[in-house]
Amino acid sequence: MSQVVTKAALTPARKRLIELMQEINYGRIERLEVRAGEPVFDPPPTVLRLFLFGKDNGPNALRGSDTFALKKKVTRLFEIFDREQSLFIRELMVDNGLPIRMTVAAKTRS
């Protein structure tokens, strides 16, 4: 059985990324760097919000809470950060405050 991880147990950088995704709710984060397995916000990434008609386009209701258990999509994102350690995320798609797809720039090997 896997251990339940809450937002409160995360590093400040990972909490900040979760809060950014919850603030966007629908849209994408572009040009986000990951170093030593942690998201880096200097320089700040580009944030593009998507407005969906018929949906609540405001911040996700859980944004201010630290006690909720992380959803599987979030834990999978952080598993990739832990495994890869260094990434340049061209695009991280966010749906309902959760990561759903990520495009990274890869260095080609000669």
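Being a predicted model, the structure only gives us computed values, none of them experimental.
The side-chain heavy atoms of K73 and I100, taken from C-beta on, include a pair separated by under 4.5 Å. A 4.5 Å side-chain heavy-atom check between T103 and F88 finds every atom pair outside the cut-off. Within the 4.5 Å cutoff, side-chain heavy atoms of L98 are placed close to those of V74. For the pair L87 and I80, the minimum side-chain heavy-atom distance is below 4.5 Å. Under the 4.5 Å side-chain criterion, counting only non-hydrogen atoms from C-beta, R28 is not in contact with L92.
With rounding to the nearest 0.5 angstrom, the CD atom of E79 is 12.0 Å from the CD atom of E84. Of the inter-residue distances, the one linking Y26 atom OH with N96 atom CG reads 4.0 Å to the nearest 0.5 angstrom. In this structure, I24 CD1 and I29 CD1 are separated by 4.0 Å, a value rounded to the nearest 0.5 Å. Once rounded to the nearest 0.5 Å, the distance linking CG of L70 with CG of L10 reads 5.0 Å.
Between R49 and E23, no side-chain nitrogen of the basic residue sits less than 4.0 Å from a carboxylate oxygen of the acidic one, so the salt-bridge criterion is not met. Under the 4.0 Å criterion applied to side-chain N and carboxylate O atoms, E19 and K7 are assigned as salt-bridge partners. Look at R14 and E38 and you find a salt bridge, because one of the NZ, NE, NH1 or NH2 atoms lies within 4.0 Å of a carboxylate O, short of that distance.
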field: R90/V104 under side-chain contact (heavy atoms from CB on, under 4.5 Å): CA gap, chis, key distance, verdict
entry: CA-CA 5 Å; R90 294 247 175 150; V104 299; over 6 Å; no
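For R16, the salt bridge (Lys or Arg N to Asp or Glu O under 4.0 Å) test picks out no residue, with sequence neighbours left out.
When atom types are taken as modelled, the side chain of N25 and the backbone of G97 share a donor-acceptor pair closer than 3.5 angstrom.
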